[in-house]
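Below is one structure; the comments refer to it alone.
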There are 4 protein chains.
Amino acid sequence: MPLDCRISTGSTTPIYRQLIDQIRLVVLRGRLTPGDRLPSVRSLAQRLVINPNTVARAYGELARDGVIESQQGKGYFVATKRQVYTRAHRRRRLAPLLEALVSEAALLDFSADDVTAALQEKLREYGLEPS
Amino acid sequence: MPLDCRISTGSTTPIYRQLIDQIRLVVLRGRLTPGDRLPSVRSLAQRLVINPNTVARAYGELARDGVIESQQGKGYFVATKRQVYTRAHRRRRLAPLLEALVSEAALLDFSADDVTAALQEKLREYGLEPS
Amino acid sequence: MPLDCRISTGSTTPIYRQLIDQIRLVVLRGRLTPGDRLPSVRSLAQRLVINPNTVARAYGELARDGVIESQQGKGYFVATKRQVYTRAHRRRRLAPLLEALVSEAALLDFSADDVTAALQEKLREYGLEPS
Amino acid sequence: MPLDCRISTGSTTPIYRQLIDQIRLVVLRGRLTPGDRLPSVRSLAQRLVINPNTVARAYGELARDGVIESQQGKGYFVATKRQVYTRAHRRRRLAPLLEALVSEAALLDFSADDVTAALQEKLREYGLEPS
DNA sequence: GTGGTCTAGACCACT
DNA sequence: GTGGTCTAGACCACC
């Protein structure tokens, strides 16, 4: 049972973004490993009852980011070389979100402990446990 | 030395948003206190070499949020009554930012400890110390 | 003790407006009756510690509206002919405020009973009792 | 027949405010339901013969208030989750409008009964019947 | 095609 | 002088 995605058409985040995020997570969690084949554009589109172009776009962007690779005529596969981001790159991507969170928290007069506690809870939700 | 703002026109975050964030912080830090007058729309625009409409938009949104107040023909002033929010309201406003942070952190394969450490650092930057 | 006004300089409503409203009310309530003399511009300004121009402006607008009358060299007096507004005029002035109230109440999902009850309370605050 | 708005350019209330009020009402009355698409900024501007920026401003403020939501590249849609306010919050938002109404009514020498009757009428106009 | 931002400049009302 | 509104037109990002 490879890749069970759940799409909500009513959401404000576009479908192709939902696909991208879910596939990235599936790969990250190791439920699909390097070399595994993804469902074909058409089959996934049919299963999720969405436009094949939308799936194609998600696959395309994932390929551009090096998460998956296309093999002409065969389909898309999880990339063999795992994407390695530099520490700096990863921090740079996280920074604005961290900034937004803390700035809003400060404005709302949350204490440092409140924010930290809320973060722990949300991390657990995402399966990220402290060591 | 009233309200030294720094605007980067090259940034992806729009100018009016940069203004809003900086003014919110200045008020939060107490460098401008209730009743203090802000620079006039036109003078600030001239100083930052941006369009007065852009400043007006930032001021307008801050006023809608209750951070500052306008007095016709006199200018903008830091709001006298500080906004009071309910616990539920505050959590509801923080939630999407927390969600965005952790979801991106998971995608980037950060450990729970990494995120927590980064949060602590940013909290300190904002003057929020753990008790 | 004629005309005890209370001015709040911190308020967002300009001082001259506060003066106008308070004097209108005092006349309306009959605490100053037609022919009564108002404090001189300079004495009232001194008492309230505000700019004489502000008092002059308030008096001027009240005179323009026919609430008070100036007698050259003698001072300002409550108008002898009481302003008579037509029913239509008065309703026209109240209408937009009524519209604003009910429209916001509807948006906030208040019941008709809630709004009516809140109105009764506020009317009592202003000394307007139902017959 | 989607969203018939009527704009009066002669009115003292700004166009963008008229738009906001009318759209709020249309949503409230259920003539547009959650998920429904609003006319595009440019098409509505063209239809009403006003500047697109004016429509954009109205849409933008409605979005900030959570009445509608924007989906990049797709358009504006009636918000799916209806805003939930606390009792205290709702009363706080209604208070200044109530104050304005009663204060003006007192100034115009309306009786408590007059104001109450006028309120009942307007409430009925908005479909709010007393229980 | 859609919304989002910014500029330039005009006119008004208020103080 | 101040803020408030509106117009005209440009450029970008996203879908």
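Proteins get letters first, then strands, A, B, ... in listed order; numbering begins at 1 in each.
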**Request:** Output the single nucleotide from dG4(E), dT7(F), dT2(F) whose closest atom is nearest the side chain of Ile15(D).
**Result:** dT7(F)

**Complete:** Arg17(D) CZ to dG4(F) P, in whole Å, measures 13 Å

**Asked** Does a side-chain N-to-carboxylate-O contact under 4.0 Å join Arg24(D) and Glu104(C)?
**Response** yes

**Asked** Does Thr54(B) put a side-chain nitrogen or oxygen below 4.0 Å from OP1 or OP2 of dT7(E)?
**Response** yes

**Prompt:** Is Tyr59(B) touching bases, backbone alone, or none of the nucleic acid, heavy atoms closer than 4.0 Å?
**Reply:** nothing

**Message:** Heavy-atom nearest nucleotide on DNA chain F for Asn51(D) versus Gly73(D): which residue maps closer to 5'?
**Reply:** Asn51(D)

**Asked** Is it true that a side-chain atom of Arg47(A) and a backbone atom of Pro39(A) form a donor plus acceptor pair closer than 3.5 Å?
**Response** no

**Item:** Nucleotide nearest Ser70(D) when distance is taken to its side chain, options dG3(F), dG4(E), dT5(E)
**Value:** dG4(E)

**Prompt:** Do we get Arg90(A) above Phe110(B)'s six-membered ring, with its NZ or CZ under 6.0 Å from the centre and within 45° of the axis?
**Reply:** yes

**Request:** May I ask you to say whether Arg64(D) pairs ionically with Asp65(B), meaning some side-chain N is under 4.0 Å from a carboxylate O?
**Result:** yes

**Prompt:** In whole angstroms, how far is the P atom of dA13(E) from the CD atom of Glu61(C)?
**Reply:** 14 Å

**Prompt:** Considering only side-chain heavy atoms of Gln72(D), which listed nucleotide, dA13(F), dG3(F), dT5(F), is closest?
**Reply:** dA13(F)

**Message:** Base, sugar-phosphate or nothing for Arg42(D)? Non-hydrogen atoms, less than 4.0 Å.
**Reply:** base

**Asked** OP1, OP2 of dT5(E) versus side-chain N and O of Tyr16(B): anything below 4.0 Å?
**Response** yes

**Message:** Please pick, from dT7(F), dC6(E), dT5(F), the nucleotide with the shortest atom-to-atom distance to any side-chain atom of Pro14(B).
**Reply:** dC6(E)

**Asked** Do you know the tightest heavy-atom contact between Ala79(D) and Gly66(D)?
**Response** CB-O, 3.3 Å

**Message:** Using whole Å, what does the distance between atom P of nucleotide dC6(E) and atom CD1 of Ile20(B) come to?
**Reply:** 10 Å

**Item:** Whole angstrom value for the distance that separates C1' of dT5(E) from CD of Gln18(B)
**Value:** 12 Å

**Complete:** Here the distance between atom P of dG3(F) and atom CG of Leu62(B), to the nearest Å, is 14 Å

**Fill in**
Residues Leu19(C) and Ala58(C): closest non-hydrogen pair is CB-CB, 3.8 Å

**Request:** Would you mind telling me which residue lines up with the more 5' stretch of DNA chain E, Val49(B) or Gly75(D), judged by nearest nucleotide?
**Result:** Gly75(D)

**Request:** Mind calculating the distance between CD (Glu69(D)) and C1' (dG3(E)) to the nearest angstrom?
**Result:** 14 Å

**Request:** Report yes if at least one side-chain N or O of Ser40(D) is closer than 4.0 Å to OP1 or OP2 of dG1(E); otherwise report no.
**Result:** no

**Message:** If I take atom CG in residue Leu44(D) and atom C1' in nucleotide dT2(E), what distance separates them, rounded to the nearest angstrom?
**Reply:** 14 Å

**Message:** When both hydrogen-bonding distances must be under 3.5 Å and the geometry is Watson-Crick or G-U wobble, what is dG4(E) paired with, if anything?
**Reply:** dC11(F)

**Asked** Whole Å only: how far is the CD atom of Gln46(B) from the C1' atom of dA8(E)?
**Response** 15 Å

**Asked** Which nucleotide, dA8(F), dT2(E), dC6(F), lies nearest any side-chain atom of Asn53(D)?
**Response** dA8(F)

**Request:** Please determine if a side-chain N or O atom of Arg57(B) lies less than 4.0 Å away from the OP1 or OP2 oxygen of dC6(E).
**Result:** no

